[in-house]
Asker: 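After the structure tokens below, expect a handful of questions from me.
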Amino acid sequence: MDIGATSSQPNPTTRSEPATSWIKWGTLLQVRLTDCPMDTRTRCMLASLLEELGQPEEALCHWNAVLVCDPDSLKARAGVVRCRQRIGQPLQSAR
């Protein structure tokens with residue numbers, strides 16, 4: 001499977017695909033991450049998809065994994081903030 005190749009998969013940022021296509025797209029992204037767990041682009045796509053599907057807890061795990069590889073990722077930082085707000089976690093731990 002060529003990760004960089006364009007495919008006929010649905011775009012996770014649009015809502016025009018049926019739910020089953022979204023699930024298939026998520027499955028494909030998870031398979032890609034199994035093959036290459038450090039692929040931050042795929043992980044960002046999966047995190048965004050999970051947010052769209054209403055799974056902020058799982059999306060948060062993927063956003064945090066992106067930050068481990070790329071601590072300066074603004075996209076991942078914004079994703080962490082959105083997910084934490086949706087699940088009611090504080091943005092910073094109290095000391």
Side-chain angles (χ1 to χ4, degrees):
M1 175 181 335
D2 184 8
I3 294 175
T6 57
S7 67
S8 61
Q9 297 299 324
N11 181 344
T13 60
T14 65
R15 293 185 180 264
S16 62
E17 298 297 327
T20 55
S21 292
W22 287 70
I23 293 168
K24 289 178 184 177
W25 183 236
T27 302
L28 173 66
L29 293 172
Q30 289 173 336
V31 167
R32 287 182 176 181
L33 285 176
T34 300
D35 294 339
C36 185
M38 304 303 280
D39 182 352
T40 58
R41 182 175 179 220
T42 298
R43 199 169 290 277
C44 284
M45 292 172 67
L46 181 57
S48 295
L49 178 61
L50 290 167
E51 282 190 69
E52 289 291 323
L53 293 174
Q55 299 178 24
E57 295 91 355
E58 193 167 340
L60 180 59
C61 293
H62 289 286
W63 288 128
N64 284 328
V66 171
L67 289 174
V68 167
C69 297
D70 181 7
D72 297 325
S73 172
L74 296 179
K75 185 174 188 172
R77 288 179 182 271
V80 166
V81 169
R82 281 190 310 272
C83 290
R84 284 187 173 177
Q85 288 174 338
R86 287 185 68 192
I87 61 178
Q89 282 187 359
L91 298 179
Q92 293 182 352
S93 57
R95 293 184 183 215

Asker: Looking at side-chain heavy atoms only, is the closest gap between S48 and W63 below 4.5 Å?
Answerer: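 Result yes, sub-4.5 Å side-chain heavy-atom pair found.
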Asker: For R86 and G54, work out which heavy atoms get closest and say how close.
Answerer: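 Reported closest heavy-atom pair: NH2-CA, 3.8 Å.
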Asker: Roughly how far apart are N64 CG and C83 SG, rounded to 0.5 Å?
Answerer: 8.5 Å
Asker: Is it the case that one hydrophobic cluster holds both L28 and M38, taking links as side-chain heavy atoms less than 4.5 Å apart, direct or via other members?
Answerer: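 L28 and M38: separate clusters.
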Asker: May I ask you to decide if P37's main-chain N or O and R43's side chain share a donor-acceptor pair within less than 3.5 Å?
Answerer: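 Yes, R43 side chain to P37 backbone: donor-acceptor pair under 3.5 Å.
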Asker: About how many Å separate CG of L49 and CG of L53, when rounded to the nearest 0.5 Å?
Answerer: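 These two atoms lie 4.5 Å from each other.
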Asker: Report, one line per pair, each donor and acceptor closer than 3.5 Å where one atom sits in a side chain of residues 69-79; sequence neighbours left out.
Answerer:
residue : atom : partner : partner atom : Å
D70     : OD1  : D72     : N            : 3.4
S73     : OG   : A76     : N            : 3.1
R77     : NE   : P71     : O            : 3.0
R77     : NH2  : P71     : O            : 2.6

Asker: Return the OG1 to CG distance between T34 and D39, rounded to the nearest 0.5 Å.
Answerer: 11.5 Å
Asker: Test of understanding: with side chain to side chain donor-acceptor pair (under 3.5 Å), list the residues that count as partners of Q55, not counting sequence neighbours.
Answerer: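 Q55: no side chain to side chain donor-acceptor pair (under 3.5 Å) contacts found.
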Asker: Between W25 and L50, is there shared hydrophobic-cluster membership here, with clusters defined by ILVMFWY side-chain heavy atoms closer than 4.5 Å?
Answerer: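 Looking at the clustering, L50 is in the same group as W25.
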Asker: Would you indicate whether the side-chain heavy atoms of L33 and H62 approach each other to under 4.5 Å?
Answerer: yes
Asker: Please name the pair of heavy atoms, one in A59 and one in E51, separated by the smallest distance, quoted to 0.1 Å.
Answerer: CB-CG, 3.7 Å
